[in-house]
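Atoms considered below: every heavy atom in the structure, side chains included; atoms not considered: hydrogens, waters and symmetry mates.
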Amino acid sequence: MNAPVLADARALPRFCDCTPTAIEGALAQVIAEQEEVVTHLTTAAPTDFASAWLPLERADTAIDALWSTVSHLHGVADNPELRAAHAAGQALIVENSIKTRQNHAL
């Protein structure tokens, strides 16, 4: 992942890198990566667990890890810029979740 805030979903969040500008770019990146996974899954139609479920779970985890960091900051270090980035990001998260979870091909 290119965005510093996304360095490692298993590591402690890099709160200092989680700026309103970075949030937008990082969220766009993880959503795009998930869309690529969904496209692959609906095209290739893998039948084993490792090929079908795990890639989507990893993509979901990347989104969750990023959004957990953003939500925490929203709760403890809120300011107008972060509030706007959180609201815009929340709309993208909801839109992406609906699109993914209601994908009949998936």
Which residues satisfy the salt bridge (Lys or Arg N to Asp or Glu O under 4.0 Å) test with Arg58, sequence neighbours excluded? none

Which side-chain N or O atoms in residues 86-96 pair as donor and acceptor under 3.5 Å with protein atoms at least two apart or in another chain?
residue : atom : partner : partner atom : Å
Gln90   : OE1  : Trp67   : NE1          : 3.1
Asn96   : ND2  : Gln34   : OE1          : 2.5

Could you see if Ile63 belongs to whatever hydrophobic cluster contains Phe15? Use Ile, Leu, Val, Met, Phe, Trp, Tyr and a side-chain cutoff under 4.5 Å. yes

Taking the side chain as every heavy atom from C-beta outward, state whether Leu82 and Ile23 have any pair of such atoms under 4.5 Å apart. yes

Gln102 side, atom CD; Ser97 side, atom OG - distance, nearest 0.5 Å: 8.5 Å

Restricting to pairs with a member in residues 19-31, which pass salt bridge (Lys or Arg N to Asp or Glu O under 4.0 Å), not counting sequence neighbours? none

Counting only N and O atoms by type, is there a donor-acceptor contact under 3.5 Å from the side chain of Thr69 to the main-chain atoms of Ala65? yes

The side chain to side chain contact (heavy atoms under 4.5 Å, CB included) partners of Ala50 (sequence neighbours excluded) come to Asp48, Leu54

Salt bridge (Lys or Arg N to Asp or Glu O under 4.0 Å) contacts touching residues 96-106 (sequence neighbours left out): Glu35-Lys99, Asp60-Arg101

Residues pairing under salt bridge (Lys or Arg N to Asp or Glu O under 4.0 Å) where one sits in residues 61-87, two or more places apart or in two chains, turn out to be Asp78-Arg83

Suppose clustering is done on Ile, Leu, Val, Met, Phe, Trp and Tyr with side-chain heavy atoms closer than 4.5 Å. Which residues sit in the same group as Leu41? Val37, Val38, Leu56, Leu106

If I compare all heavy atoms of Ser51 with all of Pro55, which pair ends up nearest, and what's the gap? O-CG, 3.4 Å

By ring pair (Phe, Tyr, Trp, His ring centres under 6.0 Å) - contacts of His40 (at least two apart): none

